[in-house]
Colleague: 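Please find one structure pasted underneath; my questions will follow.
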Amino acid sequence: MSRVYNFSAGPAVLPEPVLKELADEMMDYNGTGMSVMEMSHRSPEFQKIIDDAEQDLRDLMNIPDNYKVLFLQGGASQQFAMIPMNLMKNKVADYIVTGQWAKKAYQEAQKYGKANKIASSEDKTFSYIPDCSDLPISEDADYVYICENNTIYGTKFKELPNTKGKLLVSDVSSCFLSEPVDVTKYGIIYGGVQKNIGPAGMVIVIIREDLITDDVLEGTPTMLTYKTHSESGSLYNTPNSYCIYVCGKVFKWLKSIGGLEAMQKMNEEKAKILYDYLDNSKMFHGTVVPKDRSLMNVPFVTDSDELNAKFVKEAKAAGFVNLKGHRTVGGMRASIYNAMPKEGVVALVEFMKKFEEENS
Ligand SMILES: *Cc1c(COP(=O)(O)O)cnc(C)c1O
């Protein structure tokens, strides 16, 4: 068996101890004689799995009792519609557009009401986070929407926007559990799990209880109503049961390494190694305004497309895979999520140094 260093933006690297446990429990989960994949989602064994997963997530994020945790399907993208359908009482919402995912959410919301783009960084290929201290928040806005960590462009809100009292809704797909957060600052905090937590096919929605009502836009499907899933403990229909089980394992792994404070320290350490090198390299450059840099997604370029392509190819041959940048940015992107070990980043930087020497 040989594992690579996988810098994919998602689906992405998972912690090896978790993968090993999954393998160990594949044929016989905890004496049941079956895999969790084969298990009824109405069984007491599965109920314990989902209950433990929720409790561990609550412990990790310090989620207050007046917030519900929902394990839903449809990925993060389905929330782009579900949020306006459930929250747009006045049919007005303000969007801060800092990348493709925020833009998609903004465009989707336009189907259901008046979505205002109150700030954007599109003028400079989303390479920075706009000043959000005094934005023209709409008087009757039902919520203000952000994408907190921009997976494609590698920027992160280091400070939440001043929403002037309006509800904040945040997509944290690519920074989920990468550092401690204050859940009370949000109405909804949600993310697809395939970036920083588990396998693809699920989104976790943490939503303040009072936002879960029957007062949704006319025609909202039962499956797209938060109340449906909240009332049934995410078991209205068959959930992505195996994914919930894997996420639960990752939550336990995070607890075992010291929780989100410890994780943040490790993430800062890892990112610093890569950014320090980029800041000193004559060949490779980061593409993001330094103060807005993400700890999770690190885009970088050389001055030539040929050299970029050569680097990606040689890196792959050396066991550093999925480093090609998003097509809208070009160059390279290293996603260094929670499960990427520090050794992976150190080894990548060593490889980059060697490549720089050989090619300049
Ligand atoms: C990947 C990603 C999405 C889309 O996730 P899906 O689960 O594929 O719908 C949305 N937002 C952000 C920030 C992402 O990184």
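Order of appearance sets the numbers: ligands from 1, and atoms from 1 within every ligand. Since this is a predicted model, take the numbers as computed values, not measurements.
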Colleague: Taking C-beta and beyond as the side chain, do Ile96 and Cys132 meet within less than 4.5 Å on heavy atoms?
Modeller: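 Of all side-chain heavy-atom pairs linking Cys132 with Ile96, at least one is under 4.5 Å.
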Colleague: Please confirm whether Lys20 makes a cation-pi placement over Trp253, using NZ or CZ under 6.0 Å from the six-membered ring centre and within 45° of the ring normal.
Modeller: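 Pair Lys20/Trp253 does not count as cation-pi.
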Colleague: Looking only at side chains, do Asn297 and Tyr153 share a donor and an acceptor under 3.5 Å apart?
Modeller: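 No.
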Colleague: Could you list which atoms of ligand 1 come closer than 4.0 Å to a heavy atom of Cys147?
Modeller: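 Within the 4.0 Å cut-off of Cys147, ligand 1 contributes 13 (C).
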Colleague: What's the shortest distance from atom 8 (O) of ligand 1 to any protein heavy atom, and which residue and atom give it?
Modeller: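 For atom 8 (O) of ligand 1, the nearest protein heavy atom is Gln194 NE2, 3.4 Å.
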Colleague: Answer yes or no for Lys124 and Tyr128: cation-pi contact, defined as NZ/CZ to six-membered ring centre under 6.0 Å and angle to ring axis within 45°.
Modeller: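 The answer is yes, since Lys124 meets both limits relative to Tyr128.
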Colleague: Would you check if there is a donor-acceptor pair between the side chains of Asn150 and Lys156 at a distance under 3.5 Å?
Modeller: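 Result is no, nothing qualifies.
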Colleague: How close does the nearest protein non-hydrogen atom get to atom 11 (N) of ligand 1, and which residue and atom is it?
Modeller: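 Result for atom 11 (N) of ligand 1: Asp171 OD2, 2.6 Å.
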Colleague: Could you check whether any heavy atom of Gly10 sits closer than 4.0 Å to an atom of ligand 1, since that is the contact criterion I want to use?
Modeller: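 It does not, in that no heavy atom of Gly10 comes within the 4.0 Å cut-off of ligand 1.
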Colleague: Is there a nitrogen or oxygen of Lys195 sitting under 3.5 Å from a nitrogen or oxygen of ligand 1?
Modeller: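 N/O-N/O distance below 3.5 Å exists for this pair.
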Colleague: Pull out every atom of ligand 1 sitting under 4.0 Å from any heavy atom of Gly75, numbered as shown with elements.
Modeller: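 That gives atoms 7 (O), 9 (O) of ligand 1.
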Colleague: Hey, does the side chain of Asn240 reach the backbone of Cys243 with a donor-acceptor pair shorter than 3.5 angstrom?
Modeller: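 Pair found, side chain donor or acceptor close to backbone of Cys243.
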Colleague: Should Ser77 be counted as touching ligand 1, given the test is an N or O pair under 3.5 Å?
Modeller: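 Such a contact does occur with ligand 1.
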Colleague: Is there a polar contact, in the sense of an N or O pair closer than 3.5 Å, between Ala76 and ligand 1?
Modeller: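 N/O-N/O distance below 3.5 Å exists for this pair.
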Colleague: Which ligand 1 atoms are under 4.0 Å away from a heavy-atom of Thr151?
Modeller: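 By the 4.0 Å cutoff, the relevant atoms are 12 (C), 13 (C), 14 (C), 15 (O).
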Colleague: Taking Pro180's backbone N and O only, do any of them form a donor-acceptor pair with Glu261's side chain (distance below 3.5 Å, no angle check)?
Modeller: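 No; judged by distance alone, with no hydrogens or angles, the pair does not exist.
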